[in-house]
Each structure stands twice: as structure tokens, then as C-alpha cells.
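Working notes, structure below.
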Amino acid sequence: MMVPGANPMQYLQQAAAYQQQAAALAGRGPYGQHGQQPQQVANQARLVNVTLKSLPFYEHHGALLQPSSLLAKGTGRFQEAQFTFTLTVQQANDIASNRDIRATTKVNYLHQVQLRFCPLDTTKEQGDEFPPSICVQVNGKMCPLPNPIPTNKPNVEPKRPPKPIDLTPLCKLSPTLPNTVNVKWAADQGKGWVIAIYLVEKLTSEQLLERLVQKGTRQSEFTRELIKKKLNDEGDEIATTNLKVTVACPLGKMRMSNPCRPTTCDHLQCFDASLFLQMNERKPTWQCPVCDSPALYQNLMVDGYFQEVIKAKELPEEENEIILNQDGSWHPVPKDDSEEVKKKEEKKDENSAMVDLSDDEGGSSGAVAAAPAVASAPTEIECIDIECGERYVSVKF
């Protein structure tokens, strides 16, 4: 048991010395000198040249198990494989000394042992994907996995959400004790699978925002030239002299503080970097909220042009829309135009209300108000004779 306030490195060194002494005295053990299991397990790891997609919220610190294929033995549907890895003294110390224990019952490790699965495909980068009927045990203990997503498709097995798995709570944080990972899965004809284990550092959206800002902003002149190109494009059939955009984030509908957009997108509209990173921290989609194209973290850049617009004194605090001109300049939307637009919208609403009240079948004007309710006529029709000179006229009511 580690004494509070003790040096983690000293504790690990003592633990390592104790394990070596115990192994020397015993001469055997589950992972001792004469044990055959580690060698047998190591033979099951066949390295493959597969590259997994980078995860922005995890900083890579090394590979504990390089991408290896899950080898199927025999023709059985359900397969099993075993892998081992051992932490170095520095790695074990990094994990033990970087823990988040703020007022929670669960200890969160900032440095994590991360398990990832992906399809066996060397032609392009692979995203996370679990093999069917996957089951993982770490050092003999069952590893929790994401719950499968239900599906309505017949004869289709529900898939688990694609995400990495944190193995740290199940690992032996010792440089002398190997960690054993046992994997069971259902073989899929014509499709292979890859397993990899990494040492990573968990990052927050605040840290990613800080790194994004430190990367620098895209020069305002670049955006200015892009505006000129879009508004002076001779190939367009309809000539555009100006363009209205907003400095409000399409995600939060409030004014942006760090306007950004991917370098892979050609639209002018930006979104707030802080809000975008927070949303991807909860559910990583990395999709542009403006055009739905991929918006990878490494392609994001803060836009200097719109950053200057937001900080400009010419832009009222209550106004978020601006007009972009053909020469690359901008100006706030005139108040008269804003009021005129509001009046047109109000008038349009009034006209819509009058149309709803009109009698379409009668062909009368919509301005005629609906007549008040009249008592229903009696069932029997009375005939009243009205004398008009020598003639009698029968009038029916």
C-alpha cells in the first residue's frame, strides 16, 4: 500500500525489487522464469502495417502493443487470442502520479492505457470499430465495453459505438508484472481485425482550444481575397455585389469569440471554436456545422478577418449580421434595412391571417370580416302574403 505523500518513483522501484526477489526465490510462477504462458501469448501477435486515425482528445505517448492482427485458428466461428504488454518504470510512474481525484468516487487517470480495434485494411487510415461478439478480459477481469446500439434490421447484429477503451483501472502498474489481454470474438468471413494498445494522455476541450489559438490565426488578407473572389466571380450567372453573413455561431446562436473554420472548407461562414470543441468532447463527430463536411481538428484555424470584425467598434453589440462588399471590406447591416425587413415580415404575417379568414368558395374579398353567428332557421317554412296593390307576392323565409 502506497503511503500518502510518498514518492511514486521510490514506491515503484521498491515494488520492482520485491518482485525480482520473490521470483528468484520461487524460481517459477505465472510469469516467472520457467513460465511458458508469456512466450505462447507473444507468438500470437502478428504485426500489421495499419494506421489508426488520430484522436484529438488523446495525446499519443507510445505504443504498448503495435497494431497486430487477430488471428483466427481453425474454422470455428468464435475465436480467441491473447496478448501481453509490460509498462516501463517511467510509464508506470506517469500513470500513477497523474490522477484526477477531485471529489469523485471514481479515480480518473490522465495518462491512460488505451485499447483500440479496427478493420484489417492497409489502404487507408482506419477508424475505431469493434469485432462482432467481442469480449475482452484484462488480467482475468472482464473489461467493460460500450453497450451495442439496437437495430431494426433483420439478421444484423447490433454494433457497439466506435470508441477507444480505457484499460488503466484493470492494469498492473508495475514494470515487472506483465499485463495479459484476452480477446474473444466472432470470426467474420472475408474481414480481418486489428488490435492495438497505446499509452495516451487525456486532453480537454480547453487544452485543445489553447493549442488551436497558439497555432496562430489565418491571415485576414486570405479571407479578404476569398471574399473578392466569391463576389467577383464572372462565371456566376447572377452578379452578386455584396453578401450578408453573421458573426453569431451557427451552433450556439451567440456571437463568436474564436471564429474558425477548416482549411478544407471554401465557405466564408465561421463557427465558434470553443463550442465546437466542447460538442466534440461529448460526442466526437468532427463535422462542419455549416456544410456538414469533415472538420478535423488538425485542419481548424482561427480566422483573423472575422476576429477583427468581432473586435471592431463599428459593430454594435446587439448586431451580429454584417455585409461583405466586393472589395473585401465590410459594414454593419443598416438599421433602416433591418427595420424594413421586420416590417415586411409583420405585414406578411397580417396578410396570411386575412387569407385564413376569407371564404375561398364564395369568391368574396378577404377583407370582409366573418359575419356574427345567426340563430338557425326553424324547420318549418312559413309563407307570408304581403299585399302590394292588386298583386300578392309570396315570400319565403
Side-chain angles (χ1 to χ4, degrees), residues 53-57 124-125 127 205 208-312 314-334 337-338 341-342 345:
K53 291 183 178 179
S54 62
L55 303 175
F57 286 99
K124 59 181 180 179
E125 285 188 338
S205 58
L208 289 188
L209 177 62
E210 182 180 356
R211 296 185 179 189
L212 178 61
V213 174
Q214 291 177 352
K215 187 170 65 172
T217 61
R218 172 175 277 181
Q219 295 183 357
S220 57
E221 189 60 32
F222 177 88
T223 304
R224 190 173 289 108
E225 292 298 325
L226 184 61
I227 296 172
K228 293 180 181 179
K229 181 180 179 181
K230 284 185 174 293
L231 296 181
N232 294 279
D233 193 351
E234 298 178 354
D236 293 342
E237 297 180 359
I238 302 176
T240 306
T241 58
N242 52 52
L243 180 65
K244 182 187 291 186
V245 296
T246 178
V247 293
C249 178
L251 297 171
K253 308 303 180 183
M254 297 182 66
R255 181 174 291 190
M256 297 176 286
S257 56
N258 291 287
C260 77
R261 65 173 182 272
T263 56
T264 52
C265 293
D266 60 354
H267 52 75
L268 292 169
Q269 181 63 54
C270 294
F271 49 86
D272 187 73
S274 177
L275 187 57
F276 180 73
L277 292 175
Q278 291 176 27
M279 294 183 66
N280 280 277
E281 186 175 21
R282 292 191 294 269
K283 185 178 180 181
T285 59
W286 301 107
Q287 192 174 31
C288 177
V290 178
C291 64
D292 295 333
S293 299
L296 303 180
Y297 174 74
Q298 58 266 29
N299 296 331
L300 295 180
M301 285 200 71
V302 177
D303 191 283
Y305 181 92
F306 285 97
Q307 204 170 39
E308 294 175 359
V309 172
I310 292 172
K311 296 179 180 179
E314 295 82 3
L315 183 64
E317 294 183 0
E318 67 280 1
E319 185 62 56
N320 286 328
E321 291 187 334
I322 62 172
I323 302 294
L324 301 178
N325 304 316
Q326 284 183 320
D327 60 354
S329 61
W330 69 274
H331 63 270
V333 176
D337 293 351
S338 301
V341 170
K342 291 180 180 179
E345 291 178 353

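- Formation of a donor-acceptor pair under 3.5 Å by the Asn242 side chain with backbone atoms of Leu324 is not found in this model.
- The backbone N or O of Asp303 sits nowhere less than 3.5 Å from a side-chain atom of Arg261 that would complete a donor-acceptor pair.
- Under a 3.5 Å cut-off, the side chain of Glu125 and the backbone N or O of Lys53 do not form any donor-acceptor pair.
- Exactly one of Val333, Leu315, Thr246 qualifies for a side chain to side chain contact (heavy atoms under 4.5 Å, CB included) with Ile322. That residue is Leu315.
- To the nearest 0.5 Å, atom CG of residue Leu209 and atom CG of residue Leu275 are 11.0 Å apart.
- At most 12 heavy atoms of other shown residues, nucleotides or ligands fall within 6.0 angstrom of atom CD in Gln219.
- Environment of NZ in Lys215: crowded, with over 12 heavy atoms of neighbouring residues, nucleotides or ligands closer than 6.0 Å.
- At least one donor-acceptor pair closer than 3.5 Å links the side chain of Asn232 to the backbone N or O of Gln326.
- Between Cys260 and Phe271, the closest side-chain pair of non-hydrogen atoms falls below 4.5 Å.
- Note that CG of Asp272 is 11.5 Å distant from CE of Met279, once rounded to the nearest 0.5 Å.
- Separating the CG atom in Leu300 from the CZ atom in Arg211 is a distance of 14.5 Å, to the nearest 0.5 Å.
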| Can you check side chain to side chain contact (heavy atoms under 4.5 Å, CB included) on Tyr305 and Ile227, steps first, answer last? | CA-CA 11 Å; Tyr305 181 92; Ile227 296 172; 3.6 Å; yes
| message | Determine whether Phe222 and Thr263 satisfy the following criterion, side chain to side chain contact (heavy atoms under 4.5 Å, CB included), listing intermediate values before the conclusion. | response | CA-CA 11 Å; Phe222 177 88; Thr263 56; over 6 Å; no
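- Within the 4.5 Å cutoff, side-chain heavy atoms of Leu208 are placed close to those of Pro56.
- Rounding to the nearest 0.5 Å places NE2 of His331 at 5.0 Å from CD1 of Ile323.
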| request: Any chance you could lay out the side chain to side chain contact (heavy atoms under 4.5 Å, CB included) test for Thr223 and Leu268, step after step, and finish with the verdict? | output: CA-CA 8 Å; Thr223 304; Leu268 292 169; 4.2 Å; yes
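- Between atom NE2 of residue His267 and atom OG of residue Ser293 there is a gap of 6.5 Å, rounded to the nearest 0.5 Å.
- The aromatic rings of Phe276 and Trp286 lie perpendicular to each other, with more than 60° between the two planes, well past the 30° mark.
- One N or O on the side chain of Arg255 and one on the backbone of Glu319 form a donor-acceptor pair closer than 3.5 Å.
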| request: Please lay out, stage by stage, how Phe57 and Asn280 fare under the test side chain to side chain contact (heavy atoms under 4.5 Å, CB included). | output: CA-CA 9 Å; Phe57 286 99; Asn280 280 277; 4.3 Å; yes
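- Contact check for Leu296 versus Pro262: no side-chain heavy atoms found under the 4.5 Å cut-off.
- Distance check, rounded to the nearest 0.5 Å: CZ of Arg224 to OG of Ser329 gives 8.5 Å.
- Counting only heavy atoms from C-beta outward, the side chains of Pro259 and Ile310 approach each other to under 4.5 Å.
- The closest side-chain heavy-atom distance from Leu212 to Val302 is below 4.5 Å.
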